[in-house]
Amino acid sequence: MDDLDVKNARGTLLIAGGTGFVGEHLVRGALNRGYDVSVISLHIPIPSKLMNGVKYYAVNICNLNALCSVMPSNEFDYVINLSGYVDHSGYRDGGDKVIEAHFNGVVNLVDFLDWSALKNFIQVGSSDEYGGCDAPQCEDMREDPISPYSFSKVSACHFLQMLGRSEKFPSVILRFFLVYGPGQAINRFIPQIISGCLNDEAFDTSSGGQLRDFCHIDDIVKGVFCALEHRGLYGEVVNLASGQPVKIRYIVDLIQRLVGAGRPNFGRVPYRSNENMALYADISKAKKLLSWSPLVSLEDGISKLINQ
């Protein structure tokens with residue numbers, strides 16, 4: 001069991017999808033801030049991943065009846081929804097299931113919750129919602145989804161915004177760009193490159209011309225709690241990102257230089273069809289509305305990952 005002490009609870013918090021990379025960091029951050037935390041996910045974590053003071057429930061939120069039967073209460077002060085999974089499959093290749101997970105799941109959560117107890121609902125969105133929009137992407141742009149995944153995220157966003165306008169449902173939609181940090185799965189971009197360089201392997205990558213926006217998990221966690229504790233936003237959309245575009249090739253070169261090994265084969269992986277070559281955020285709204293700014297530099301964040 002994780003040996004974290006639960007302080008005097010400042011409120012009950014339900015984290016949907018709280019066993020993934022970002023979810024685990026948010027659970028730990030919530031405990032440190034004194035929340036009474038419940039987590040729902042498809043599976044209960046292995047014993048070494050369980051955290052003291054957290055109530056875990058295994059349930060698929062796509063099934064409202066199961067959600068209602070498994071959960072002992074529907075009264076929570078706060079909710080953070082990280083449920084679902086990143087999958088860029090086409091609609092006829094499994095995208096219908098992606099829509100069910102990311103849109104129907106949100107609808108079921110809203111139906112399940114006791115609104116009279118709820119102070120804030122954080123919906124975690126994605127930079128993919130902007131699709132082919134020009135950079136830097138800002139929150140007042142009309143979204144341009146290009147996959148069932150991004151469509152379902154946009155649909156969930158518009159659903160919550162509608163509820164905020166029409167019924168004062170308290171929600172904030174946070175659009176994460178590329179999050180990285182300790183505990184991230186090895187199949188994600190930065191861990192994969194670090195592993196290849198540490199093992200001095202030859203590995204294929206794209207030409208690396210894409211401009212992307214990487215933000216450290218510590219900054220993301222702080223941003224989420226800034227939004228969670230901000231009342232009366234009713235469907236506001238806020239980007240959480242570094243606001244500093246870097247080329248993918250720069251990341252690979254940086255890791256190779258810091259490790260002193262690795263043999264990337266640039267250009268061996270083609271760019272994705274319809275890939276936006278410049279996806280990075282305007283974060284002025286987060287700075288103004290939430291008084292939040294990212295503090296961990298890319299070089300420091302990656303150096304710590306290499307040396308952990």
Side-chain angles (χ1 to χ4, degrees), residues 15-30 79-88 98 101-103 105-106 120-131 133 135-139 141 143-147 149-157 160 171-185 188-191 210-228 230 233 235-246 248 251 276 278-287 289-290 292-296 298 301:
I15 301 181
T19 59
F21 161 56
V22 176
E24 284 188 354
H25 283 272
L26 284 172
V27 170
R28 187 171 286 105
V79 176
I80 301 173
N81 179 36
L82 294 144
S83 61
Y85 51 95
V86 179
D87 186 329
H88 298 291
V98 177
H102 288 279
F103 178 68
V106 172
N120 211 345
F121 182 107
I122 301 295
Q123 167 68 8
V124 175
S126 168
S127 60
D128 279 353
E129 295 177 53
Y130 292 112
C133 294
Q137 285 78 24
C138 62
E139 296 88 347
M141 288 178 168
E143 301 92 343
D144 185 25
I146 58 173
S147 69
Y149 170 72
S150 54
F151 165 78
S152 61
K153 285 291 192 182
V154 171
S155 299
C157 169
L160 293 171
S171 66
V172 184
I173 298 90
L174 299 178
R175 288 188 180 148
F176 294 178
F177 280 62
L178 292 177
V179 185
Y180 75 99
Q184 192 170 29
R188 306 302 292 173
F189 173 67
I190 286 180
Q210 310 98 311
L211 281 169
R212 292 293 182 264
D213 190 327
F214 292 86
C215 193
H216 194 273
I217 185 63
D218 289 353
D219 286 325
I220 291 294
V221 169
K222 290 174 184 175
V224 170
F225 284 102
C226 284
L228 190 73
H230 199 302
L233 295 180
E236 288 283 356
V237 178
V238 182
N239 291 335
L240 286 190
S242 73
Q244 300 295 321
V246 295
I248 289 294
I251 300 289
N276 189 336
L279 197 59
Y280 57 92
D282 179 334
I283 60 171
S284 56
K285 187 173 183 178
K287 291 179 177 180
L289 189 65
L290 304 178
W292 171 88
S293 292
L295 300 177
V296 182
L298 186 60

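When reading the values below, keep in mind they use all heavy atoms of this one structure, side chains included, and skip hydrogens, waters and symmetry mates.
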Decide yes or no for C157 and V237: does some side-chain heavy atom of the first lie under 4.5 Å from some side-chain heavy atom of the second?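 Side chain of C157 against side chain of V237, heavy atoms only: contact under 4.5 Å found.
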
Do L295 and D219 have side-chain heavy atoms sitting under 4.5 Å apart?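 Yes, at least one pair of side-chain atoms sits under 4.5 Å.
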
Minimum heavy-atom distance M141-P136, with the two atoms named: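 Answer, listing the atom of M141 first, then P136: CE-O, 3.4 Å.
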
Measure the CZ-CD distance between F189 and Q184 for me, rounded to the nearest 0.5 Å.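 So the gap between those two atoms works out to 11.0 Å.
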
Who passes side-chain hydrogen bond (donor to acceptor under 3.5 Å, both in side chains) against S147, sequence neighbours left out?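 S150.
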
Whether the side chain of K222 engages the backbone of P294 through a donor-acceptor N/O pair (distance < 3.5 Å, no angle test) should be reported.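 Here the side-chain-to-backbone pair does not exist.
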
If I compare all heavy atoms of R212 with all of L178, which pair ends up nearest, and what's the gap?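 Reported closest heavy-atom pair: CB-CD1, 3.7 Å.
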
Does a side-chain heavy-atom distance below 4.5 Å link Y149 with D87?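 When only atoms from C-beta onward are counted, D87 and Y149 do not touch, as no gap falls below 4.5 Å.
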
What are the two closest heavy atoms between A241 and C215, and how far apart are they?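 Closest pair (atom of A241, atom of C215, distance): C-SG, 3.8 Å.
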
For the atom pair OG (S126) and CG (L279), what is the distance rounded to the nearest 0.5 Å?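 Interatomic distance, S126 OG to L279 CG, rounded to 0.5 Å: 8.0 Å.
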
Begin with the C-alpha distance, continue with both residues' side-chain angles, and end with the deciding distance and a verdict on side-chain contact (heavy atoms from CB on, under 4.5 Å) for V246 and L211. CA-CA 5 Å; V246 295; L211 281 169; 5.8 Å; no

Does some side-chain heavy atom of V221 sit less than 4.5 Å from a side-chain heavy atom of R28?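 In short, these two side chains do not touch, never coming nearer than 4.5 Å.
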
Partners passing side-chain hydrogen bond (donor to acceptor under 3.5 Å, both in side chains) against D282 (at least two apart in sequence or in another chain):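 D282 satisfies side-chain hydrogen bond (donor to acceptor under 3.5 Å, both in side chains) with S284 once adjacent residues are dropped.
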
On a heavy-atom basis, which atom in A278 and which in A135 lie closest, and how many Å separate them?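 A278 and A135 have their closest heavy atoms at O-CB, 3.3 Å.
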
Is there side-chain contact between I217 and Y180, with heavy atoms separated by less than 4.5 Å?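 No. Closest side-chain heavy atoms not under 4.5 Å.
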
Can you classify the ring geometry of Y85 versus H102 as parallel (below 30°), tilted (30 to 60°) or perpendicular (above 60°)?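 Answer is tilted, since the angle falls between 30° and 60°.
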
Among residues at least two apart in sequence or on other chains, which ones pass ring-ring contact (aromatic ring centres under 6.0 Å, His included) with F21?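 Result, ring-ring contact (aromatic ring centres under 6.0 Å, His included) vs F21: H25.
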
Quick one about N239 and Y280 (side-chain donor to acceptor, distance below 3.5 Å, no hydrogens or angles considered), yes or no?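 The answer is no; no qualifying pair exists.
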
Separation of L82 CG from I15 CD1 (nearest 0.5 Å):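 It comes to 7.0 Å.
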
Walk me through whether K285 and E236 qualify under salt bridge (Lys or Arg N to Asp or Glu O under 4.0 Å). CA-CA 10 Å; K285 187 173 183 178; E236 288 283 356; 2.7 Å; yes

K153 and G125: which non-hydrogen atoms are nearest, and at how many Å?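 Shortest heavy-atom contact: CD-CA, 4.1 Å.
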
Quick one: do I248 and F214 satisfy side-chain contact (heavy atoms from CB on, under 4.5 Å)? Show the steps, please. CA-CA 10 Å; I248 289 294; F214 292 86; 4.0 Å; yes

Exercise: identify the closest heavy-atom pair between V106 and A156: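 Heavy atoms only, the tightest pair is CG2-CB, 3.9 Å.
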
Under a 4.5 Å cut-off applied to non-hydrogen side-chain atoms, are L290 and H230 in contact?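 Yes. Closest side-chain heavy atoms under 4.5 Å.
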
Would you find a donor on one side and an acceptor on the other, under 3.5 Å apart, between the side chain of D213 and the backbone of P245?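 Absent.
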
Report the distance from atom CD1 of I220 to atom CG of L26, rounding to the nearest 0.5 Å.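 The CD1 atom of I220 sits 9.0 Å away from the CG atom of L26.
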
With respect to I122, which candidate in I173, V172, L233 satisfies the side-chain contact (heavy atoms from CB on, under 4.5 Å) definition?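 Of all the options given, the one that passes is V172.
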
If only atom types and distance count, is the side chain of W292 paired as donor or acceptor with the main-chain N or O of V224 below 3.5 Å?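 Not at all, since once roles are kept as given, no pair shorter than 3.5 Å links the two residues.
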
Does Q137 reach the main-chain N or O of C133 with its side chain, forming a donor-acceptor pair under 3.5 Å?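 Between the backbone of C133 and the side chain of Q137 there is a qualifying donor-acceptor contact (under 3.5 Å).
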
Measure the shortest side-chain to side-chain distance between F121 and L160 over non-hydrogen atoms and say whether it is less than 4.5 angstrom.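 Yes. Closest side-chain heavy atoms under 4.5 Å.
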
Would you compute the distance between atom CD of E143 and atom CG of D128 and round it to the nearest 0.5 angstrom?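 These two atoms lie 12.5 Å from each other.
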
Within the structure provided, determine whether F151 and V98 are in side-chain contact (heavy-atom separation under 4.5 Å).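 Of all side-chain heavy-atom pairs linking V98 with F151, none is under 4.5 Å.
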
Does Y130 have R175 sitting over its ring (NZ/CZ under 6.0 Å from centre, angle to axis within 45°)?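 Output yes; distance and angle both within limits.
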
Using 0.5 Å steps for rounding, measure from the CG atom of N81 to the CD atom of Q123.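 Atom-to-atom, N81:CG and Q123:CD are 4.5 Å apart.
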
